[in-house]
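Each remark here refers to the structure printed beneath this line.
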Amino acid sequence: MLEGQAAGEGMGMESYHEDWTDSQRALYDECYRAGADWADDPDTPSEDVQHVINLAEADDDTLADAEIDFAPLIDAVTEATGEVVTTVPASHDDPGFKGFVDGVRDGTAEETFGL
């Protein structure tokens with residue numbers, strides 16, 4: 001961690017794809033923060049958190065190029081891009097999807113779901 005850097009800040013960098021543009025990396029970062037905040041919210045149902053963790057752990061073959069309309073993910077991507085979206089590609093190549101699910105997984109207490 002760089003000196004003066006807050007704990008957790010910049011955690012997503014290791015999860016960037018090499019070929020992502022700066023705007024894709026920024027989208028990942030925004031969605032990562034949104035996912036971590038959503039998972040940490042006491043009002044978020046644990047079964048919803050578990051659903052997203054399952055998506056984070058699934059490989060892209062299992063996801064089969066599906067589009068997902070999970071409301072917290074849609075809200076995160078919409079807020080990050082400033083554009084209204086109705087679905088997000090369920091793919092670890094998509095920075096919005098990957099950022100959100102990584103944020104949820106990393107933002108969930110390890111003892112909560114045995115991570």
Side-chain angles (χ1 to χ4, degrees):
M1 183 162 38
L2 298 174
E3 186 173 327
Q5 184 178 23
E9 192 174 279
M11 289 173 50
M13 285 176 61
E14 291 129 19
S15 295
Y16 291 155
H17 288 267
E18 281 183 23
D19 58 344
W20 280 355
T21 64
D22 288 343
S23 61
Q24 288 172 309
R25 291 173 184 214
L27 175 59
Y28 174 93
D29 290 343
E30 288 292 319
C31 290
Y32 182 97
R33 281 189 282 281
D37 290 346
W38 176 80
D40 193 42
D41 185 338
D43 291 333
T44 300
S46 60
E47 58 272 3
D48 287 354
V49 173
Q50 184 62 60
H51 173 69
V52 175
I53 290 170
N54 292 343
L55 290 173
E57 300 298 320
D59 61 27
D60 283 337
D61 291 337
T62 302
L63 296 172
D65 297 326
E67 293 281 324
I68 189 166
D69 62 358
F70 187 67
L73 171 60
I74 297 299
D75 293 346
V77 173
T78 295
E79 187 167 321
T81 62
E83 298 175 19
V84 177
V85 296
T86 57
T87 62
V88 174
S91 168
H92 292 94
D93 291 330
D94 181 82
F97 175 83
K98 182 166 178 48
F100 188 81
V101 299
D102 285 356
V104 170
R105 185 183 57 226
D106 294 348
T108 303
E110 288 185 21
E111 64 276 3
T112 303
F113 295 101
L115 296 174

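Everything numeric in this text was worked out from a predicted model, so none of it was measured.
Within 6.0 Å of the CD atom in Glu79, the count of heavy atoms belonging to other residues, nucleotides or ligands does not exceed 12.
Under the 4.5 Å side-chain heavy-atom criterion for Ile, Leu, Val, Met, Phe, Trp and Tyr, Val101 and Val77 are members of the same hydrophobic cluster. Under the 4.5 Å side-chain heavy-atom criterion for grouping Ile, Leu, Val, Met, Phe, Trp and Tyr, Leu27 is not connected to Ile68 through any hydrophobic cluster.
Separating the CG atom in Asp106 from the CG atom in Asp40 is a distance of 12.5 Å, to the nearest 0.5 Å. The CG atom of Asp29 lies 11.0 Å from the CG atom of Asp102; values are rounded to the nearest 0.5 Å. Interatomic distance, CD1 of Ile53 versus CG of Asp48, reported as 11.0 Å (0.5 Å rounding).
The pair Arg25-Asp22 does not meet the salt-bridge criterion, since no charged nitrogen lies less than 4.0 angstrom from a carboxylate oxygen.
When side chains are defined from C-beta on, Thr86 does not count as touching Asp69, because their heavy atoms never get closer than 4.5 Å. The closest side-chain heavy-atom distance from Pro89 to Phe97 is not below 4.5 Å. Between Tyr16 and Pro95, the closest side-chain pair of non-hydrogen atoms is not below 4.5 Å. Phe100 places none of its side-chain heavy atoms less than 4.5 Å from the side chain of Arg105.
The two residues Ser91 and Asp60 make their nearest non-hydrogen contact at CA-OD1, 3.4 Å. Here the shortest heavy-atom pairing between His92 and Ala56 reads NE2-O, 3.1 Å. The two residues Gly35 and Val104 have their closest heavy-atom pair at O-CG2, 3.3 Å. Scanning both residues, Cys31 and Ala80, for their nearest heavy atoms gives SG-CB, 4.2 Å.
A donor-acceptor contact closer than 3.5 angstrom is absent between the side chains of Asp37 and Tyr32. A side-chain N or O of Asp59 and one of Thr62 form a donor-acceptor pair less than 3.5 Å apart.
Using a distance-only test at 3.5 Å, with no hydrogens or angles considered, no donor-acceptor pair links the side chain of Glu57 to the main chain of Asn54. The backbone N or O of Trp38 sits less than 3.5 Å from a side-chain atom of Thr44, completing a donor-acceptor pair.
Checked against the 6.0 Å centroid criterion, the rings of Tyr28 and His17 do not qualify as a close aromatic pair.
Glu67 pairs with exactly one of Val85, Asp94, Thr87 by the side-chain contact (heavy atoms from CB on, under 4.5 Å) rule, that one being Thr87.
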